[in-house]
Amino acid sequence: MNVQWVRGEMPTTLKIKPPSDYLLGRDVCSYGYFLLAPNRWDVKRRVFSRAMSLARGPALIEVKQKPVAGNPLAIDVSRSLTRPERAELERQIRRMFRLDESAGQIAEFHKIDPRWRVSGRGRVFRSPTLFEDVLKTVTSCNVQWPSTVHMNIRLCEVLGDRVASGPETSAPHSFPSTKKIASTRPQTLRARCRVGYRDQRIVELARLFRTNPRNGGIDQEWLEDPSTSDESVHDFLIELPGIGPYAAANIMQLLGRYTRLPLDTESVRHGRTVLGLKGPSTKIMKRVKSHFAPFGAHAFRSYWFELWTFYESRHGPSWMWERDSTGKLFTASALNAD
DNA sequence: GGTAGACCTGGACGC
DNA sequence: GCGTCCAGGTCTACC
């Protein structure tokens, strides 16, 4: 997909200097969310694109990099940007691509787990906002991957803002805002976005993001503050609607806190097929947890890249995966099959 | 602290 | 084409 330029608006190009080890294809295609709407990864062109939410409305971006680590990221934007919008866009891109994790910090991880030194893996793709990360986590709970893909497509199409790009009918949409979801009826979410029983919980989460932390709302700064303990963050997250042990641990890794593992049926499958563990699921989950405990503050990344490497051994390099064909690949039956 | 069952959806399967 | 079963994490009730 090429950027569809907005009529009457001058497109903009930004350049961002990433960390010296940053490689777009490897570091974007490092977590399943790169396959979820509104994200798009163009396999042939090796270009990342999506609609971004900005003050004057959504803008489509295309991000590319010459495939040499540390080369600048070239970001084509479908319209002109005000100075605050430019700053906001850069902030969101830095979050999404984890550009604030320096090459030195990734090297620290490789010291603890040298298996990923050659490939350079270390950054885990996430969303431009914490709200999108939380909702993507909720839509990944208690469903198989194709349903998660579908829910995110529908959330964007039904409640996201459409990029004004001329007569095209398939114009991209942004991820819906907290404001939009907070004012949406749960029945609408259920009927049109197919989120099922998550409807009320999703609306409540959006409202909590819009509530002042003094009144019980979600305090993003506090959650992202390195001086806040992992324990405190976990205790807060687990109290949120729709967030259980798996989701809390997953949101923690998305916050850059890698100590805990989001243990799910995939962890059990991995424990059985790759680590050779035997016994009931509950026991295997505990053993997977202790298996990665020696990696300490980097446990999640050691665990995750082991899983990711397994997926790539089955389906080829992740930068070759197409969203519409991954659905059937990432089912328990497909992954358990020899 | 541990466990059982309900919650929903989409896909697989059998007829 | 229809009905049934199953997978998936969270939540509540219960022991």
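Labels below follow one simple rule: chain letters A, B, ... track the order of the sequence lines, proteins then strands, and each chain is numbered from 1.
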With sequence neighbours excluded, residues passing side-chain hydrogen bond (donor to acceptor under 3.5 Å, both in side chains) with [X]:
X      : answer
A/S318 : A/R121, A/W308, A/E312
A/K111 : A/E108
A/S140 : none
A/D199 : A/R190

With nearest nucleotide decided by heavy atoms, which residue, A/H150 or A/N142, maps closer to the 5′ end of DNA chain B?
A/N142

Rounded to the Å, how far apart are [X] [atom1] and [N] [atom2]?
X      : N      : atom1 : atom2 : answer
A/Q200 : C/dC11 : CD    : P     : 13 Å
A/L205 : C/dC11 : CG    : C1'   : 14 Å
A/L155 : B/dT9  : CG    : P     : 13 Å
A/E266 : C/dG9  : CD    : P     : 9 Å
A/Q144 : B/dA12 : CD    : P     : 9 Å
A/D264 : C/dT10 : CG    : P     : 9 Å
A/R269 : C/dA7  : CZ    : C1'   : 15 Å
A/M151 : B/dT9  : CE    : P     : 9 Å

Find every protein N or O atom lying less than 3.5 Å from an N or O atom of nucleotides 1-3 of chain B, and list the pairs.
none

Should the heavy atoms of other residues, nucleotides or ligands under 6.0 Å from CZ of A/R192 be counted, would the total exceed 12?
no

Residues 51-58 of chain A side chain polar contacts: donor-acceptor under 3.5 Å, at least two apart:
residue : atom : partner : partner atom : Å
A/R56   : NE   : A/E85   : OE1          : 3.3
A/R56   : NH2  : A/S80   : O            : 2.9

So does [X] get a side-chain nitrogen or oxygen closer than 4.0 Å to the phosphate oxygens (OP1/OP2) of [N]?
X      : N      : result
A/R201 : C/dT10 : no
A/R198 : C/dT10 : no
A/T265 : C/dA7  : no

What pairs meet the salt bridge (Lys or Arg N to Asp or Glu O under 4.0 Å) rule with one or both residues in [range], with sequence neighbours excluded?
range                       : result
residues 273-287 of chain A : none
residues 135-152 of chain A : A/E132-A/K136
residues 202-227 of chain A : A/R95-A/E224

At what angle, to 10 degrees, do the two end axes of the helix from B/dG1-C/dC15 to B/dC15-C/dG1 meet, given five pairs define each axis?
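The end-segment axes of the helix from B/dG1-C/dC15 to B/dC15-C/dG1 are tilted 30° relative to each other.
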
The side chain of A/Y197 is closest to which nucleotide in this list: B/dC8, B/dG10, C/dT10?
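Comparing B/dC8, B/dG10, C/dT10 against the side chain of A/Y197, the answer is B/dC8.
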
A/S147 side-chain proximity, nearest of C/dG8, B/dC8, B/dG10
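The answer is B/dG10.
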
Give the residues of residues 236-261 of chain A touching DNA chain C, defined as any heavy atom closer than 4.0 Å, sorted by residue number.
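Heavy-atom cutoff 4.0 Å gives A/L240, A/P241, A/G242, A/I243, A/G244, A/P245, A/Y246, A/A247.
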
Per the ring-ring contact (aromatic ring centres under 6.0 Å, His included) rule, what does the pair list look like for residues 180-209 of chain A, sequence neighbours excluded?
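Counting only pairs at least two positions apart or across chains, the ring-ring contact (aromatic ring centres under 6.0 Å, His included) contacts touching residues 180-209 of chain A are A/F131-A/F209.
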
A/D264 side chain to A/S267 side chain, donor-acceptor N/O pair below 3.5 angstrom
yes

Is the ring centre of A/Y258 less than 6.0 Å from the ring centre of A/F109?
no

